[in-house]
Protein chains: 2
Amino acid sequence: MTSIKDVAKAAGVSTATVSRVLANNAPIKAETRERVLEAVAQLNYRPNLIARSLRAQKSAKIGLVVSDIRNPFFTAIGRAVEDAAYEQGYSVLMCNTDENPEKEELYLNLLHDENVAGVIFSPTQQFSAASHSYNAKMPFVIIDRAVESKETDMVLLDNVSAAYELTTHLLENGYRKLAGLFGDASTTGQERSRGFHKALKDYQLNPVAAHFISPRIKQGYDTTIALLEGTNRPDAIFTSNSLLTAGAFQALRDKKISVPNEVALVGFDETTWSELVDPPITVIAQPTEEIGRTATELLFQRIQEPSRSPKTVILKGTLLVKGSSKKK
Amino acid sequence: MTSIKDVAKAAGVSTATVSRVLANNAPIKAETRERVLEAVAQLNYRPNLIARSLRAQKSAKIGLVVSDIRNPFFTAIGRAVEDAAYEQGYSVLMCNTDENPEKEELYLNLLHDENVAGVIFSPTQQFSAASHSYNAKMPFVIIDRAVESKETDMVLLDNVSAAYELTTHLLENGYRKLAGLFGDASTTGQERSRGFHKALKDYQLNPVAAHFISPRIKQGYDTTIALLEGTNRPDAIFTSNSLLTAGAFQALRDKKISVPNEVALVGFDETTWSELVDPPITVIAQPTEEIGRTATELLFQRIQEPSRSPKTVILKGTLLVKGSSKKK
DNA sequence: TTGTAAGCGTTATCAC
DNA sequence: GTGATAACGCTTACAA
C-alpha cells in the first residue's frame, strides 16, 4: 500500500505539500507541483478514501434503502440514483429491507456507522408510523412513501390523483363493477385506494371489492382467483402495484377470462412486460428516472446546506392507455 | 458523535478496555465489563466503522460490478449477493458499468480505494481481453462472463451446453430454419452461439442467420423485423439474453406473426414476463440465486484464505419448455 | 510557499 | 486485568 508518505519521500517534500498538490487548494510552486505529480505517477499512488473519510468525518457514499430492488419500480429508481450519484463522485450502498422494520433499522444504523453522506429511503410502514428522529443523525430523502414528519425532504407521486385518474378512465370506458387490490405494506397502497374510492364516489358507485394484501405476485394471484370465483364478479380490476398486476393478470389468464371483454385490468408502473402481454396493460407510469434523480439532487442539496427548509416534491404519473381497459 | 473516549470516560476506564469489552477478545473483570456496557448503552455509543476500517486496513463491504442492474439477470444476482453479504455482516456497493471499460476501471479503482474486502464482477469484453492483474489488488470473483486468466475464482453457466440443449429442443420439435441473435458485449453471447451452431451441425444444418448485436431490446426488435422482412424467413428465433428476447417478441407481435406456428422463439433467463406473455417463452433458466450466493461465498473464502487455489464453479441452466416452441 | 504536528476513532502491542 | 500509546493515512491549522 503506497501512501502519501511514500510520495512525499519520493518527491522530497512533506506530506502536507503532497496533500495540497492533490487537493489543488493552496499555492504551490510550479516546480514542486511537478515533482509531486511525477512521484504520484511513478508510485501509482491513490489516496486512501477510508483515511480521508475518517479525517473529513464523512464519506462520499449514499445509502439506498428500499424494500426489494427486484421490484421493477425500485430497480429503476436504484439505477437512476446510481447514475446521479456517480456524476457527483458518490457511490451507492444497496440495502433491501423486505418490509422488515428490524432489517431497516439495522441498515440505517449501519449507514450511520459508515458515515454515509446521506440516505435515499423508502420506509416501511412501521417506520413511517413511528415519528423517528433519524434526521438528526444524517441527511435523508424519503421516496415513494409519505411519512408524517414534515422535517424531511420527500419525493412522492401524487398517488391519490393518479389512482383517481386511472379509476375514472375505467368508469368512463363503461366499467361499473370495480374491484381494487392494494398493497398493505405502505402508505402508497392507502393513498391509491383513496383515489380509487373517490372516483367511484363521483359516479355514486361502490366497489365490488377492495382488498389490502401483501404486495406480491402470489397474493395478487390468489385474491384475483377468489374474486373471479366469487358471486359478484367484477368487470374491472384495479391494482396498486406491478406485482399485484402480474398476479392478477396470471389469474385472469389461468381462468381463461378474456381481457378486457370480460374483465378489464389496470395498474401502476410501466414494466418490460406490461407492454408485451396480450392485451398490453393500461397503467399509470411513474417517472422513475426523475424520482431517483430528484431525490439524489435533493440529498446533495441538503448535504451542502443541512439547515435549508425541507422540500416535498410531488410528481405526476402518466396514464398510458392500452388494450386492457378498452371501451366497453 | 460519541466515541470510544466518551465511553471510557463515563465508565472510568481506558479506551483499550472499552475496545476489549466490545470485541470480547480478552479477559475482563465482570464488574468492569458491566460498567462499560452500561456506559455504552447510556451514551448510545456505536463504533465508527470508518475508523475501524482504517485501523484494520479493510472494510466490511463488497463491490458488485455489473453492466446494468436493470437487466433482470443482474437484478436477481444483485439481490442474491446482497442477501448472502448481509448474512455475514457485509454491505454491497452497487456499480453499473454500462459495458463501458472506462466506467469499469473507474469503479474498480474506487472500490480499491475504499478498501473493500472484495468484488463480485461481471467484466466487460475489453476487460476480459486485457489480462488484468487486479487480482493482486483485491479479491475477485468473476460471474457470468469467463475471463482468460485462470487465477481468478469464477461462477459461470455452462453456456455452450445450455445453448446446445435449447437449440436441440427446437430441432427436435421440427424447426429447421433457425436464426440466432447473440449479444455482442460479452463472452456469454459467443459461447451461446457456439452451442447453437454445434446443435445445428449435429443436424447437418446451417443457420438462416446469426447476428451479434448490442444486447438491448431495441436491437433485438430491429434485427428481428429485418429477419421477418427478409427473403429467407426463419421458422424459429434463438436469443441469447432476455433483452433480445423481449425485442424479438415485440417484433413478432407487431408483425402479427403467430408464435410458434409461424415462428418459434426461445431465449435465456426466466423473467416475470416470460411466463406472462402469450405464448409463454421457452427459456433456459439460470440459477441466479445460486450464482449470486456461490459467488459471494467464494469471495468470503478467498478473503479468509487469499492463497487458496482458484476455483471455477460451472452451473447448469434448466430448460423450461413453454408454448413458444411447441412441436410443429 | 512549505513544513510540523495534531487529530479523526479504532485496535494492538507492550508494560505494569 | 488494565492502562498508555503508537499507528492506520489523511488534511489542516499554525509556524516559519
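Owing to the predicted nature of the structure, the values given are computational and were not obtained by experimental measurement. Proteins get letters first, then strands, A, B, ... in listed order; numbering begins at 1 in each.
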Undergrad: Rounded off to whole Å, could you give me the CZ-to-C1' distance for the B/Arg35 and D/dT2 pair?
TA: 11 Å
Undergrad: Rounded to whole angstroms, how far apart are CG on B/Asn24 and C1' on D/dT2?
TA: 16 Å
Undergrad: Roughly how far apart are A/Met1 CE and A/Asn48 CG, rounded to 0.5 Å?
TA: 5.0 Å
Undergrad: So what does A/Ser53 hit on the nucleic acid, given a heavy-atom distance under 4.0 Å: a base, only sugar-phosphate, or nothing?
TA: nothing
Undergrad: Is A/Arg293 paired with A/Glu87 through a side-chain N to carboxylate O contact shorter than 4.0 Å?
TA: yes
Undergrad: May I have the distance from A/His112 (atom NE2) to C/dG9 (atom P), rounded to whole angstrom?
TA: 11 Å
Undergrad: Return a single string for nucleotides 9-16 of chain D, one symbol per nucleotide in 5' to 3' order, where B is base contact, S is sugar-phosphate-only contact and - is none, cutoff 4.0 angstrom on heavy atoms.
TA: BBBBB---
Undergrad: Taking the side chain as every heavy atom from C-beta outward, state whether A/Asp153 and A/Ile142 have any pair of such atoms under 4.5 Å apart.
TA: no
Undergrad: Calculate the interatomic distance between B/Glu34 atom CD and D/dT2 atom P; express it in whole Å.
TA: 13 Å
Undergrad: Under 4.0 Å between a Lys/Arg side-chain N and an Asp/Glu carboxylate O for B/Glu82 and A/Arg70?
TA: no
Undergrad: Do we see a donor-acceptor contact under 3.5 Å between the side chains of B/Arg145 and B/Ser122?
TA: yes
Undergrad: Could you tell me which non-hydrogen atom of A/Ala85 sits nearest to which non-hydrogen atom of A/Ile62, and how far apart they are?
TA: CB-CD1, 4.0 Å
